[in-house]
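Some notes on the structure that comes next.
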Protein chains: 2
Amino acid sequence: MKPKLNDVADLAGVSPTTVSRVLNNRGYISEETKNRVHDAMQQLNYFPNDVARSLFSKRTNLIGLIIPTTSNPFFGELTFHIENICASSGYKLLICNSLNQLDKEESYVDMLMRNQVDGIIVGTHNRGIVNYDQKNIAVVAIDRFLSDTIPVVGSDNYMGGKMASELLIDKGCKHILHINGPVELETPASLRRKAYEDVMEQHGREAITYEVYDPFHQQNHDEPIGRLLDEHPEVDGLFASNDLVAASFIATAKQRGKRVPEDIRVIGYDGTETTRNLLPELTTIQQPIQEIARSAVELVIKEIEGEFSEVPRETYLPVKLIEAGTV
Amino acid sequence: MKPKLNDVADLAGVSPTTVSRVLNNRGYISEETKNRVHDAMQQLNYFPNDVARSLFSKRTNLIGLIIPTTSNPFFGELTFHIENICASSGYKLLICNSLNQLDKEESYVDMLMRNQVDGIIVGTHNRGIVNYDQKNIAVVAIDRFLSDTIPVVGSDNYMGGKMASELLIDKGCKHILHINGPVELETPASLRRKAYEDVMEQHGREAITYEVYDPFHQQNHDEPIGRLLDEHPEVDGLFASNDLVAASFIATAKQRGKRVPEDIRVIGYDGTETTRNLLPELTTIQQPIQEIARSAVELVIKEIEGEFSEVPRETYLPVKLIEAGTV
DNA sequence: CTGAAAGCGCTTACAG
DNA sequence: CTGAAAGCGCTTACAG
């Protein structure tokens with residue numbers, strides 16, 4: 001049987017109170033008892049039961065992370081950094097892959113609440129919205145407006161969209177296409193599209209935006225992209241809302257005999273380590289994933305600790321253009 | 001304040017015992033009380049505190065997953081599937097990115113034990129080894145021998161290595177190189193190398209294996225690969241132990257004016273969705289990630305439920321050759 | 001069919 | 001400097 005605090009107390013010949021105190025380094029204890037207790041703990045190979053501690057303290061040091069899927073390199077890397085930063089602050093991560101399905105997100109939130117997590121970081125992009133406000137829990141959203149009060153963290157989407165669009169213009173593209181997620185979502189990421197449209201207008205170009213149903217749940221984009229290329233044979237530039245779509249586009253374009261960048265120039269968005277490794281020639285707008293993770297974790301911890309005044313409603317971190325072969 | 005079971009009991013005019021019974025659907029309860037209790041729960045927006053339940057039941061329904069990093073596409077996808085399968089079996093996932101560092105793995109295991117997880121799935125590949133046997137907890141390893149008793153799940157590494165090596169031979173390669181992780185690890189993955197060496201020997205070829213220090217922790221492989229190409233200008237075939245290394249190799253080779261596959265044919269290992277999407281031309285041995293995840297979860301659950309006799313010591317799942325442009 | 005009591009493994013006022 | 005008691009929010013024998 002697992003030794004418990006009482007066993008340690010018995011062995012050390014002290015009260016459970018005393019053991020608890022040396023465990024938590026609270027109150028005055030003589031060096032001698034302290035040593036005896038430590039010896040007893042060692043001897044029994046004792047470690048405290050955090051479930052019992054949580055029940056009392058009403059703190060689990062657990063944070064729930066809801067994302068579409070860790071299979072997507074952006075979210076895989078985001079998850080890594082979030083977990084890493086949580087760990088160094090004494091928090092643990094409960095992971096939830098919602099696949100952008102509202103019902104899954106809802107049942108995950110229920111699960112997290114029953115498990116008494118201290119906070120939730122939400123990075124899903126559903127159509128519907130879970131009402132996090134009345135859950136009475138610390139929440140931070142990544143690139144998504146959840147309510148008037150829930151803080152949002154993301155990359156500087158407008159700047160990213162602007163840099164990408166202007167680069168394509170500078171390179172001499174005449175017919176620039178944009179592929180984005182569904183606009184109705186009203187996410188900060190739709191600013192990428194807004195920037196694209198603004199730049200096109202400034203340069204007297206027509207803005208043509210295609211929407212992919214769900215850019216985060218990995219799926220085969222080749223077919224819709226093929227149709228798109230057939231409908232717009234004049235296209236000579238593409239700004240894709242993420243690198244996976246950009247990669248699908250490049251593959252499809254090549255199949256149709258188009259050369260990249262000679263015939264079509266392509267820019268993606270995200271710039272994950274994985275993309276940099278597997279497709280180094282892709283020009284892309286790199287999100288500061290680690291900084292996004294850091295902000296999200298810091299903000300949710302501030303909320304947990306009640307420091308609401310120090311939590312800005314919106315935090316946008318700078319992006320970086322990575323210019324490579326596809327442009 | 002969060003409503004508790006007692007509040008529900010008060011409102012419904014019954015004892016806490018009764019509320020607990022309707023919550024757990026245990027014992028006989030009249031329809032009428034059942035309804036009154038349900039009404040009270042609704043009215044108060046009550047949901048049970050799983051921390052308290054866990055303290056009593058000594059079951060948390062929590063599983064710990066220790067992997068190098070979700071940033072790596074193989075582990076990102078593995079994590080997704082494991083979490084997914086856990087969720088459908090009522091388990092939750094606590095995620096731990098060890099970066100293959102022994103000290104991190106150790107402190108994660110401590111953390112998981114304190115949090116009373118029901119089981120642990122281990123997918124790290126350190127040099128040192130944590131003694132999981134004496135932790136007295138359900139453990140399953142992925143592609144790693146942890147002890148004589150801990151079950152291992154993985155792909156059929158020998159078959160994968162054989163298929164890759166033979167394909168290169170069939171394609172007419174004369175000087176085939178293999179890049180692998182450090183052998184001392186004695187992981188089942190080293191069977192990929194064994195198969196390569198056996199095939200080379202059968203065909204009277206020299207086996208040349210290079211070792212990359214840590215193929216899982218993403219890093220820049222370009223420099224060592226560059227040296228390797230300089231030392232072996234005659235190489236016309238490469239079997240890489242994973243797709244990321246294969247991609248680095250291809251990029252480096254191209255920089256040196258080598259054409260793939262005309263001058264050098266390349267085969268990777270893993271075949272993740274992400275690689276298929278970003279680098280569809282890469283020929284690779286695809287691991288059955290979802291099946292590995294399913295086996296790992298099923299086995300750890302069997303251990304948790306005490307059905308040790310149904311847990312095989314080693315489970316190797318079939319791989320699939322994906323032949324594409326690099327070969 | 002329902003309830004009072006004890007207990008899961010800890011922690012913290014409160015006394016001394 | 002140390003301990004007895006009560007309690008965190010549940011559940012389960014045991015009675016009735």
Side-chain angles (χ1 to χ4, degrees), chain A residues 1-38 40-41 44-62 110-118 136-137, chain B residues 1-38 40-41 44-62 110-118 136-137:
Chain A
M1 227 20 248
K2 245 176 229 166
K4 50 184 79 162
L5 186 138
N6 254 307
D7 301 326
V8 176
D10 288 351
L11 183 60
V14 298
S15 74
T17 309
T18 300
V19 177
S20 173
R21 270 198 283 257
V22 343
L23 213 51
N24 297 290
N25 240 315
R26 228 189 293 284
Y28 293 94
I29 317 156
S30 71
E31 273 308 309
E32 204 219 309
T33 17
K34 205 180 278 186
N35 289 334
R36 253 190 310 149
V37 170
H38 276 133
M41 296 202 289
L44 297 172
N45 192 16
Y46 170 81
F47 55 92
N49 180 329
D50 275 354
V51 171
R53 297 176 121 178
S54 292
L55 182 57
F56 186 90
S57 67
K58 294 164 188 285
R59 283 286 236 92
T60 54
N61 282 305
L62 233 38
D110 283 356
M111 179 276 275
L112 294 173
M113 297 301 291
R114 285 198 309 274
N115 281 275
Q116 316 296 120
V117 297
D118 294 338
N136 205 269
I137 187 171
Chain B
M1 228 19 247
K2 246 177 230 169
K4 51 184 79 163
L5 187 139
N6 254 307
D7 301 327
V8 177
D10 288 350
L11 184 60
V14 297
S15 75
T17 309
T18 301
V19 177
S20 173
R21 270 198 283 259
V22 343
L23 214 50
N24 296 291
N25 239 314
R26 227 189 293 284
Y28 292 95
I29 318 155
S30 72
E31 272 308 307
E32 204 220 309
T33 19
K34 205 180 277 186
N35 289 334
R36 249 188 314 148
V37 171
H38 276 134
M41 295 203 289
L44 296 173
N45 192 19
Y46 171 81
F47 55 92
N49 181 330
D50 275 354
V51 171
R53 298 176 121 179
S54 293
L55 182 58
F56 186 90
S57 67
K58 294 165 188 287
R59 283 286 235 94
T60 53
N61 283 305
L62 232 38
D110 283 356
M111 179 276 275
L112 294 173
M113 298 301 293
R114 285 198 310 273
N115 282 275
Q116 315 297 118
V117 297
D118 294 337
N136 206 267
I137 187 171

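Chain identifiers are assigned alphabetically (A, B, ...) following the order of the sequence lines, protein sequences preceding nucleic acid strands; residue numbering begins at 1 within each chain.
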Heavy-atom distance under 4.5 Å between the side chains of [X] and [Y], does that happen here?
X        : Y         : answer
Val37(A) : Val14(A)  : yes
Tyr28(A) : Ser30(A)  : no
Ser54(A) : Gln116(A) : no
Ser20(B) : Leu5(B)   : yes

5' precedence on DNA chain D between Ile29(A) and Ala52(A) (nearest-nucleotide basis):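 Here Ile29(A) is the residue nearer the 5' end.
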Of Thr17(A) and Leu55(A), whose closest DNA chain C nucleotide lies nearer the 5' terminus?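 Residue closer to the 5' terminus by nearest nucleotide: Leu55(A).
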Round to a whole Å and report the spacing from [atom1] of [X] to [atom2] of [N].
X         : N       : atom1 : atom2 : value
Gln116(B) : dC10(C) : CD    : C1'   : 11 Å
Asp7(B)   : dC10(D) : CG    : C1'   : 13 Å
Arg21(B)  : dA4(C)  : CZ    : P     : 11 Å
Asn25(A)  : dT12(C) : CG    : P     : 12 Å
Met41(B)  : dC10(D) : CE    : P     : 11 Å
Phe56(A)  : dT11(C) : CZ    : C1'   : 4 Å
Tyr28(B)  : dG3(C)  : OH    : P     : 18 Å
Leu23(B)  : dT12(D) : CG    : P     : 11 Å

Can you see if the side chain of [X] gets near the phosphate of [N] - specifically, an N or O under 4.0 Å from OP1 or OP2?
X        : N       : result
Lys2(A)  : dG9(C)  : no
Thr33(A) : dT2(D)  : yes
Ser30(A) : dT2(D)  : yes
Lys58(B) : dG9(C)  : yes
Tyr46(B) : dC10(D) : yes
Thr18(B) : dC1(C)  : no
Arg26(A) : dT12(C) : yes
Asn49(B) : dC8(D)  : no
Asn6(B)  : dC10(D) : no

Base, sugar-phosphate alone, or nothing: which one does Val14(B) contact when heavy atoms must sit under 4.0 Å apart?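 It contacts sugar-phosphate atoms only.
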Is Asn24(B) touching bases, backbone alone, or none of the nucleic acid, heavy atoms closer than 4.0 Å?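 Here Asn24(B) touches the backbone only, sparing every base.
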Scan every strand shown for a Watson-Crick or G-U wobble partner of dA15(C), both distances under 3.5 Å, and answer none if you come up empty.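 WC or wobble partner is dT2(D).
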What distance separates Thr18(B) OG1 from Leu23(B) CG, expressed to the nearest 0.5 Å?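 Rounded to the nearest 0.5 Å, the OG1-CG separation comes to 12.0 Å.
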Is there a side chain to side chain contact (heavy atoms under 4.5 Å, CB included) between Asp118(A) and Asn61(A) once you walk through the steps? CA-CA 6 Å; Asp118(A) 294 338; Asn61(A) 282 305; 4.2 Å; yes
